[in-house]
Amino acid sequence: MNQALTQIPAVPLHIGGKHHASSTTEWRDVVNPATQEIVARVPFSTTAEVELAISTAKEAFKTWRNTPLAARMRIMLKYQHLIRENIGALAELITREHGKTLPDAEGEVMRGLEVVEHACSIATLQLGEIAENAANGVDVYNIYQPLGVGAGITAFNFPVMLPCFMFPIAIACGNTFVLKPSEQDPSSTMYLVELMYQAGLPAGVLNVVHGGADVVNLLCDHADIKAVSFIGSTAVGTHVYRRASESGKRAQSMMGAKNHCVVLADANKEQAINNLIGAAFGAAGQRCMANSVVVLVGGARSWLPDIVARSKALKVGPGSDREADLGPMVSKSAMQRAEKLIQAGVDEGAQLLLDGRGHQVAGFEGGNFMGPTIFSKVNATNSVYTQEIFGPAMCVVETETLDEAIAFINANPNGNGTSIFTSSGWAGRKFQNEIDVGQVGINVAIPVPVAYFSFTGSRASKLGDLGPNGKQALYFWTQTKTVTARWFAPDDGGSGVNTTISMK
């Protein structure tokens, strides 16, 4: 290895409560997307290292599962305090490797912190249920017990928030965990794990491996992994769900999306435009909940020039610039894919009103920058509509009525999130009732619920009945055990053999 490479920090594995240097021969560069500087190198874990992480978690489960609820709760309380103290440091790592602006990165940490705060309520969340005297002298009760070793596989776009959607609740419920973060921006995730151990987590409860498809398949196949949670693309999520399910595991996959924002003419114009632009172009559009399709209804169609003008005025720059509205895309390949889809939109007849391709930022000429891009006259067959661009691109669709807008959205196979902007309570209620999408915003452009409600994407955006966060996360990471109990008096000789199934 040449001297220049040896000066670049190697991202470690985390096994048994400490850093573990990988022995792999396969490494990937972690690149600052604003400068193209190599800021770290991440290993692709060997099979033996993945096996070690899983066996370590399995051994730790023997004692962690019996750790009192109050003790687990106190660790989570300490953990949320440490995260709050390190918001700035975590955000800087996100910005350096992902590219999103520092304010956006700080907001991401806060959304992850919400889940940890929710996990602090584990002593009441994990309470069971009891029916006394369900039959004569018979009590029936449920208890929620941990499953064992869980696994999490996360995407690059939220390297702090997405892991927080997984391991805090899983661990608080008494499980142990093996996490595989994205290899594109792992450092903030690793810092998150280090803070978990600083909070007092016993060694081996939380472990981290890195890698690609081979590591994912090992986690899906391994007999000692009891549940797998995935957040990322539809193609990979479908593979993970099927493979894990076929291996007898509980699985959940939060996947791709095409989110729509309906705008009625009676909406507060300034609020609506500001919100839909922020939801479309924040984080350079690299959000599974990005508002990538705007449906202008009736008189709101006249607002299109204002939407274009305001979008054009957004500042593109490095994430370290707090005045920037959007930073670079995460990689050259991601930017090139988005550019290819934009060209396909032009070739297929959609009208390109604002073209962000080839955007240059002074002093960062090598950065993966793309400016806001807007298409109008988009139909349901255009590639820019059928594909998730995952870049700062907005498709504008126009309809005469709200009914037409609802029908258009319901015809899309995805169901991650949708929203409506209106001042009409009747229209908002109609939309919420008739729309076939798991997460609905009313005058809220990105309807990701607070952490004590579950993430409820639907249709092609989700596989598995139970989503992250809220009560569903508790049910996903625990096994419900139902106990039916009768205690006889010492001198009760019984009334003879009973061959029926009655519990009288």
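In what follows, residues are counted from 1 in the order of the sequence shown. Reckoned from all heavy atoms, side chains included, excluding hydrogens, waters and symmetry mates.
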Item to check | Worked verdict on Cys164 versus Val116 for side-chain contact (heavy atoms from CB on, under 4.5 Å) | outcome: CA-CA 7 Å; Cys164 284; Val116 177; 4.2 Å; yes
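- Contact between Thr238 and Met255 at its shortest, heavy atoms only, is N-SD, 3.5 Å.
- Side-chain contact check for Thr47 versus Leu218: some heavy-atom pair is nearer than 4.5 Å.
- Using a distance-only test at 3.5 Å, with no hydrogens or angles considered, no donor-acceptor pair links the side chain of Gln184 to the main chain of Phe156.
- Taking both residues in full, the closest heavy atoms of Leu13 and Ser45 are given as CD2-OG, 3.2 Å, listed atom of the first, atom of the second, then distance.
- For His260 and Tyr385, the gap between ring centers is short of 6.0 Å.
- Minimum interatomic distance between Thr101 and Gly327 (heavy atoms only, all atoms of both residues): CG2-N, 4.0 Å.
- Here OG of Ser311 is found 3.5 Å from CD1 of Ile277. Values are rounded to the nearest 0.5 Å.
- The minimum heavy-atom distance between Ile171 and Leu206, with the atom names listed, is CD1-CB, 3.9 Å.
- For His14 and His20, the ring centers sit 6.0 Å or farther from each other.
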Checklist entry - Where do Glu183 and Arg28 land on the salt bridge (Lys or Arg N to Asp or Glu O under 4.0 Å) test, with the steps shown first? => result CA-CA 7 Å; Glu183 64 277 10; Arg28 174 170 178 157; 3.6 Å; yes
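- Side-chain N or O atoms of Ser229 include none that pairs as donor or acceptor with a backbone N or O of Met166 at under 3.5 Å.
- Side-chain N or O atoms of Gln286 include one that pairs as donor or acceptor with a backbone N or O of Ala283 at under 3.5 Å.
- Between the CD1 atom in Ile389 and the NZ atom in Lys340 there is a gap of 13.5 Å [rounded to 0.5 Å].
- Cation-pi contact between Lys462 and Tyr241: absent, since separation from the ring centre below 6.0 Å together with deviation from the ring axis within 45° is not met.
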Checklist entry - Given Ile38 and Val30, is the side-chain contact (heavy atoms from CB on, under 4.5 Å) satisfied, shown in steps? => result CA-CA 6 Å; Ile38 299 173; Val30 179; over 6 Å; no
Next on the checklist: Does Arg111 form a salt bridge (Lys or Arg N to Asp or Glu O under 4.0 Å) with Glu114? I'd like the steps, not just the answer.
Outcome noted: CA-CA 5 Å; Arg111 292 310 299 264; Glu114 285 182 3; 3.2 Å; yes
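- Within the 4.5 Å cutoff, the side chain of Glu117 has no heavy atoms near those of the Tyr79 side chain.
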Next on the checklist: Using the rule given for salt bridge (Lys or Arg N to Asp or Glu O under 4.0 Å), can you reason through Lys315 versus Asp325, listing the C-alpha separation, both sets of side-chain angles and the distance that settles it, and then say yes or no?
Outcome noted: CA-CA 5 Å; Lys315 181 179 180 180; Asp325 296 298; over 6 Å; no
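- For the side-chain contact (heavy atoms from CB on, under 4.5 Å) test with Val396, the passing option among Leu304, Leu276, Val293 is Leu304; the others fail.
- Side-chain contact between Ile420 and Leu264 is present, with heavy atoms from C-beta onward closer than 4.5 Å.
- Looking at Asn32, its side chain never comes within 3.5 Å of a backbone N or O of Glu97 through a donor-acceptor pair.
- Glu388 places no side-chain N or O within 3.5 Å of a backbone atom of Lys258 that could act as its donor or acceptor partner.
- The minimum heavy-atom distance between Ala451 and His118, with the atom names listed, is O-CD2, 3.6 Å.
- Within 6.0 Å of the CD atom in Glu323, the count of heavy atoms belonging to other residues, nucleotides or ligands does not exceed 12.
- Within 6.0 Å of NZ in Lys269 there are more than 12 heavy atoms belonging to other residues, nucleotides or ligands.
- Between Thr234 atom OG1 and Leu463 atom CG the span is 8.5 Å, to the nearest 0.5 Å.
- At a cut-off of 3.5 Å, with distance as the only test, a side-chain donor of Asn412 or Asn414 sits close to an acceptor on the other residue.
- For Ser320, the side chain to side chain contact (heavy atoms under 4.5 Å, CB included) partners at least two apart in sequence or on another chain are Pro318.
- In this structure, the side chains of Phe375 and Met394 stay at 4.5 Å or more apart for every pair of heavy atoms.
- For the atom pair CG (Asp185) and CE (Met190), the distance works out to 13.0 Å, reported to the nearest 0.5 Å.
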Next on the checklist: For Glu106 and Arg322: C-alpha separation, side-chain torsions, deciding distance, then whether salt bridge (Lys or Arg N to Asp or Glu O under 4.0 Å) applies.
Outcome noted: CA-CA 11 Å; Glu106 290 161 355; Arg322 286 190 171 272; 2.4 Å; yes
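- Between Phe431 and Phe421, a ring centre-to-centre spacing not shorter than 6.0 Å is recorded.
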Next on the checklist: I'd like to know whether Arg250 forms a side-chain contact (heavy atoms from CB on, under 4.5 Å) with Phe476, so could you lay out the CA-CA distance, the side-chain angles of the two residues, the decisive distance to 0.1 Å, and finally the verdict.
Outcome noted: CA-CA 8 Å; Arg250 187 172 294 179; Phe476 182 81; 3.3 Å; yes
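- In this structure, CG in Leu93 is found 8.0 Å from OH in Tyr191, a value given to the nearest 0.5 Å.
- A ring-centre distance under 6.0 Å is not found for Phe44 and His210.
- No donor-acceptor pair under 3.5 Å is formed between the side chain of Asp104 and the backbone N or O of Lys100.
- For the residue pair Glu49 / Ser22, a side-chain donor-acceptor distance below 3.5 Å is found, with atom types taken as modelled.
- Gln472 places no side-chain N or O within 3.5 Å of a backbone atom of Ser454 that could act as its donor or acceptor partner.
- Annotation: the span from His81 atom NE2 to Leu113 atom CG amounts to 11.5 Å, rounded to 0.5 Å.
- With hydrogens and angles ignored, the 3.5 Å screen pairs no side-chain donor or acceptor of Arg357 with any backbone N or O of Thr373.
- When each of Leu219, Ile231, Val236 is tested with Ile153 by the rule side-chain contact (heavy atoms from CB on, under 4.5 Å), just one qualifies, namely Leu219.
- Between the side chain of Asn207 and the backbone N or O of Phe177, at least one donor-acceptor pair lies under 3.5 Å.
- Counting heavy-atom neighbours within 6.0 Å of Tyr452 OH, excluding the residue itself, gives a total of 12 or less.
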Item to check | Verdict with supporting geometry, Thr46 and Val50, side-chain contact (heavy atoms from CB on, under 4.5 Å) | outcome: CA-CA 6 Å; Thr46 66; Val50 178; over 6 Å; no
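- Two residues are said to be in side-chain contact when any heavy atoms from C-beta on lie closer than 4.5 Å; Cys288 and Met254 fail this criterion.
- For the residue pair Glu270 / Asn274, no side-chain donor-acceptor distance below 3.5 Å is found, with atom types taken as modelled.
- In this structure, Tyr197 places its OH atom where more than 12 heavy-atom neighbours from other residues, nucleotides or ligands lie under 6.0 Å away.
- Put simply, the side chain of Ser461 gets close to the backbone of Gly415: a donor and an acceptor are under 3.5 Å apart.
- Taking both residues in full, the closest heavy atoms of Ser419 and Ala445 are given as OG-O, 3.7 Å, listed atom of the first, atom of the second, then distance.
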